[in-house]
Asker: 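Please find one structure pasted underneath; my questions will follow.
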Amino acid sequence: MTSGEIRVEGRNVAEAIQQAAAILEVLPEELEVEIVQPASQGFLGLGRRPAVIIARLAGTFPGAAGEDENVTPATGKGGAGSVTGGPDAGAVAGGMAPGLGGVDEERPGYAWVEGGRVMVGDGEPPATIIAGEHFDLYVNGQHAPSEITVRAGDTIEVQSRVEVVKGQWKLAVSSDGLAARLTLKPGYQRTWRLKDQFPAGRLQLEGEEVVQALPALTREDLLAELKRQQVVFGVDEEAVRQACASTEAGEIVVARGQPPQPGEDGRVECLFSTAVADRVEVGEEERVDYREMMVRTSAAIGDLLAVKVPPRPGKPGKTVTGKVISPPEPRDVELVAGKGTEVIDGLRCIAREEGRPQLRQLRGRALIDIIPVLLHQGDVDLSSGNLKFKGGIHITGNVTETMQVAASQDVEIGGDVTQATVNAGGSIIVGSNCIGSTLVAGGLNSVYQSAEPILSDLASQLPLLQAALHQLEKGASRQRYQVRPLDTGYMVSILVENKFQKLPSLAGKLEQLTKGIQGGPQEQKLVQLARELAQSFRNPAAMQGLGSSILARLVNGVQEMAAYCREIPQDGGHITLSYALNSKLQASGQVKVTGRGCFNTEIIAGGKVEIHGVFRGGSIYAGDEVYVQEMGSSGGARTLIRVAEGKVIKAGRIWPNSTLQVGKRVRQIDTEENQVMAYLNSEGDLVLGTF
């Protein structure tokens with residue numbers, strides 16, 4: 001191998017020539033090549049060997065300048081030229097084929113593709129070109145078969161085959177006639193671009209797919225279809241232009257109708273606030289209780305509550321085909337008188353009772369009522385203010401801290417009552433829990449029911465005090481010589497301090513219970529009695545003023561009032577809730593706890609008490625029987641249940657340190673008991689049985 005020559009290996013001769021051209025930085029046709037070893041695939045992969053060539057620039061082999069008369073350089077015929085035949089046509093390939101190194105060697109022809117042009121290298125046997133399925137091949141101006149041999153100097157033209165798929169489209173008028181929608185699925189044109197290929201004796205042309213989207217329709221097609229479907233109104237020219245140029249699938253509205261303008265329905269205008277309450281406006285310097293800032297809506301007799309506005313007709317529209325669309329008939333509404341109202345001439349509603357007006361819509365009817373129940377949506381808090389209403393109250397939310405709810409009838413609360421006060425002339429229903437709150441159901445009846453156990457205790461203690469004082473007075477009168485008269489007040493204070501310690505506490509409880517009570521003569525009599533008892537037993541100094549006559553008057557008053565309280569009916573004034581903690585439940589009727597139970601809670605009921613859970617800590621007094629699933633606690637929480645004489649106490653489980661009282665009989669429970677029923681037997685003794 002002489003200077004300027006290179007030795008190159010490749011998988012085949014064509015690859016070796018390409019590598020040599022790249023190394024010498026020339027085109028393959030500028031090389032002279034000597035094949036040292038052709039490539040061999042071997043048998044089953046054994047004996048495989050690469051192609052080996054020696055290459056140098058054309059004209060530099062020995063003898064190129066007459067040095068060796070036996071070697072003729074491969075000069076080729078013609079030169080490289082090109083003929084185009086369409087956008088994807090190939091090029092004419094002529095020019096000089098690479099030398100194969102030696103005049104006596106048989107050199108095969110070959111062809112390759114470079115830059116979209118088919119190139120041919122001369123040799124024997126000549127190169128073969130296979131057009132394949134995507135191209136048409138023309139050699140020297142003639143359409144060639146799918147496979148043809150070519151030589152250097154032949155004019156070769158390659159044309160891509162063209163595949164055109166038409167688009168699809170459809171024009172549809174909507175069912176209401178107010179829109180014409182064009183659905184588009186564009187067509188496309190598919191061609192193939194020649195890919196570059198290495199030299200080969202048999203060259204099968206390979207192509208790269210080129211796809212170009214085409215609009216689905218023309219303007220003429222669309223206008224003709226619009227005419228055929230009689231679309232004559234509301235055609236959008238810009239939408240038509242976009243549709244004819246679009247190459248994307250989708251929908252385009254090419255015509256729009258004019259919808260009818262609806263009329264105005266008849267309606268009822270309320271002249272009262274539909275809000276349950278309105279906020280009070282106050283001056284900057286006024287003192288404000290934010291819990292009393294809301295005014296509840298109400299009406300007086302003769303107030304105009306609502307007026308009816310008659311319906312008004314609408315305006316017609318037009319479809320895309322030019323058809324007139326009549327507007328819908330406006331709906332009318334009937335103004336209807338409900339409870340406590342009157343409708344005049346069908347147009348005006350007048351209040352005939354006092355109360356809270358309310359509007360109800362009932363299928364084309366507007367019903368105006370005057371109702372005695374206040375419905376409060378949400379919580380009772382500072383934003384709503386306290387609720388006070390002569391009637392019933394229904395609260396959908398909670399009653400929050402420091403708030404008050406007062407009604408002359410029933411109160412229903414959907415959520416919790418937390419550190420609040422609820423007073424009802426009727427019953428109270430709490431949907432959830434009562435925490436640190438006071439519930440009073442039954443109005444003044446509940447006060448009497450709550451006062452009854454206190455008065456009963458006073459009625460049993462005061463006569464004993466009176467008897468003890470009488471005994472002392474009688475003993476003093478028997479003395480022959482009296483140094484000084486007996487100090488009755490002093491003796492009362494000594495007796496209370498040593499034997500009747502509960503009297504001051506009972507008197508204080510009664511005064512606290514009756515504080516602020518408003519009512520008739522009987523209620524004022526109870527208030528006056530409670531005040532006098534509290535003042536008489538407030539301290540030892542006050543008790544100094546008690547004499548036999550005053551004590552006798554107090555005993556008579558307490559006994560009369562206790563008897564009156566026992567006669568209060570138990571109908572109504574019930575309390576129902578799920579759970580109570582650190583609360584006071586006071587009802588003229590029954591108390592029912594449906595959830596976990598009660599903890600550290602005081603219950604006073606004129607009727608039954610029923611707790612389907614735990615009653616732990618606190619006390620129960622009931623005018624009727626009591627049922628508790630579990631009483632007290634394993635830790636010994638002090639718990640008391642007391643019923644009127646002749647009534648029964650039932651408990652599924654009782655823990656130690658619990659107290660049962662029926663009438664005046666008391667039983668302390670020191671051991672755990674189950675399924676206990678406490679009652680008085682025929683001899684008047686407290687008996688613990690089972691149930």
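All of these numbers come straight from a predicted model, not from anything done at the bench.
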Asker: Would you say I130 and R202 make side-chain contact, with heavy atoms under 4.5 Å?
Answerer: yes
Asker: Do side-chain atoms of T247 reach the backbone of A213 as a donor and acceptor pair under 3.5 angstrom?
Answerer: no
Asker: Considering only heavy atoms from C-beta outward, does the side chain of Y579 approach that of I435 to under 4.5 Å?
Answerer: yes
Asker: Does N386 reach the main-chain N or O of Q404 with its side chain, forming a donor-acceptor pair under 3.5 Å?
Answerer: yes
Asker: Quick one: closest heavy-atom pair of D369 and K339, and the distance?
Answerer: OD1-N, 2.8 Å
Asker: Would the distance check show the side chain of D265 and the main-chain N or O of R331 forming a donor-acceptor pair, the cut-off being under 3.5 Å?
Answerer: yes
Asker: Please report the shortest heavy-atom distance between A216 and Q168, naming the atom on each side.
Answerer: CB-O, 3.9 Å
Asker: Taking atom CD of E238 as the centre, does the number of heavy atoms from other residues, nucleotides or ligands within less than 6.0 Å exceed 12?
Answerer: yes
Asker: Side chain to side chain contact (heavy atoms under 4.5 Å, CB included) between L222 and V240: does it pass, once the steps are laid out?
Answerer: CA-CA 8 Å; L222 179 54; V240 169; 3.7 Å; yes
Asker: Taking R356 for its side chain and V373 for its backbone only, find out whether a donor-acceptor pair lies under 3.5 Å.
Answerer: yes
Asker: Are the side chains of M119 and Q197 in contact, using a 4.5 Å heavy-atom criterion?
Answerer: no
Asker: I'd like to know if R267 pairs up with E269 as an ion pair, taking the criterion as any Lys NZ or Arg NE/NH1/NH2 lying under 4.0 Å from an Asp or Glu carboxylate oxygen.
Answerer: yes
Asker: Where is the tightest heavy-atom contact between A420 and M403, given as atom of each residue plus distance?
Answerer: CB-O, 3.2 Å
Asker: I'd like to check L375 versus T396 (side-chain heavy atoms, cut-off strictly below 4.5 Å). Are they in contact?
Answerer: yes
Asker: Just by distance, do the side chain of S160 and the backbone of W192 share a donor-acceptor pair under 3.5 Å?
Answerer: yes
Asker: With a 3.5 Å distance limit and no angle check, can you tell me whether D379 reaches the backbone of N398 through a side-chain donor-acceptor pair?
Answerer: yes
Asker: Is there a side-chain contact between I325 and L178 (heavy atoms, below 4.5 Å)?
Answerer: yes
Asker: Distance from C349 atom SG to L335 atom CG, nearest 0.5 Å?
Answerer: 5.5 Å
Asker: Can you tell me if CD on Q230 sees more than 12 non-hydrogen neighbours from other groups inside 6.0 Å?
Answerer: no
Asker: Given side chain to side chain contact (heavy atoms under 4.5 Å, CB included), test T400 with T418 step by step and report yes or no.
Answerer: CA-CA 5 Å; T400 62; T418 305; 5.8 Å; no
Asker: Does E329 have more than 12 heavy atoms from other residues, nucleotides or ligands lying within 6.0 Å of its CD?
Answerer: no
Asker: Give, for atom CZ of R190 and atom CZ of R161, the distance between the pair rounded to the nearest 0.5 Å.
Answerer: 14.0 Å
Asker: Apply the test salt bridge (charged side-chain N to carboxylate O under 4.0 Å, His left out) to residues R256 and D236: give CA-CA distance (whole Å), side-chain angles for both, the deciding distance (0.1 Å), then the verdict.
Answerer: CA-CA 8 Å; R256 297 181 185 274; D236 187 340; 5.4 Å; no
Asker: With rounding to the nearest 0.5 angstrom, report the CD1 to CD1 distance, I395 to I413.
Answerer: 4.5 Å
Asker: Does S437 reach the main-chain N or O of C434 with its side chain, forming a donor-acceptor pair under 3.5 Å?
Answerer: no
Asker: Run the side-chain donor-acceptor check on residues 9-21: report pairs under 3.5 Å with partners two or more places apart or on a different chain.
Answerer:
residue : atom : partner : partner atom : Å
R11     : NE   : E15     : OE1          : 2.7
R11     : NH2  : E15     : OE1          : 2.8
N12     : OD1  : A14     : N            : 3.3
N12     : OD1  : E15     : N            : 2.7
E15     : OE2  : R11     : N            : 3.3
E15     : OE2  : Q19     : NE2          : 3.2

Asker: Would you compute the distance between atom CD of Q189 and atom CD of Q212 and round it to the nearest 0.5 angstrom?
Answerer: 5.5 Å
Asker: Between R363 and E334, does at least one N-O distance fall below 4.0 Å, as a salt bridge requires?
Answerer: no
Asker: Would you mind reporting whether L182 and L171 have side-chain heavy atoms less than 4.5 Å apart?
Answerer: yes
Asker: Step by step, would you call K170 with E251 a salt bridge (charged side-chain N to carboxylate O under 4.0 Å, His left out)?
Answerer: CA-CA 10 Å; K170 180 181 179 181; E251 280 189 354; over 6 Å; no
Asker: Would you sort out whether L226 and V254 count as a side chain to side chain contact (heavy atoms under 4.5 Å, CB included), showing the intermediate values?
Answerer: CA-CA 9 Å; L226 289 171; V254 295; 4.2 Å; yes
Asker: Using the rule given for side chain to side chain donor-acceptor pair (under 3.5 Å), can you reason through D381 versus S383, listing the C-alpha separation, both sets of side-chain angles and the distance that settles it, and then say yes or no?
Answerer: CA-CA 5 Å; D381 51 22; S383 63; 2.4 Å; yes
Asker: Looking at every non-hydrogen atom in both residues, tell me the closest pair between Q258 and F233 and how far apart they are.
Answerer: N-CE2, 3.8 Å
Asker: Do the non-hydrogen side-chain atoms of V118 and L205 ever get within less than 4.5 Å of each other?
Answerer: yes
Asker: Hey, are the side chains of T155 and N140 touching, using non-hydrogen atoms and a 4.5 Å cut-off?
Answerer: yes
Asker: Mind listing the closest non-hydrogen atom pair of D416 and N433 along with its distance?
Answerer: OD1-N, 2.9 Å
Asker: Taking G115's backbone N and O only, do any of them form a donor-acceptor pair with D196's side chain (distance below 3.5 Å, no angle check)?
Answerer: yes
Asker: Out of curiosity, R348 CZ to L305 CG, how far, rounded to the nearest 0.5 Å?
Answerer: 11.5 Å
Asker: Pairing donors with acceptors under 3.5 angstrom, does anything connect the side chains of S174 and D176?
Answerer: yes
Asker: Can you name the nearest heavy-atom pair linking V150 to P126, along with the distance?
Answerer: O-CB, 3.4 Å
Asker: Distance check, rounded to the nearest 0.5 Å: F135 atom CZ versus E157 atom CD?
Answerer: 13.0 Å
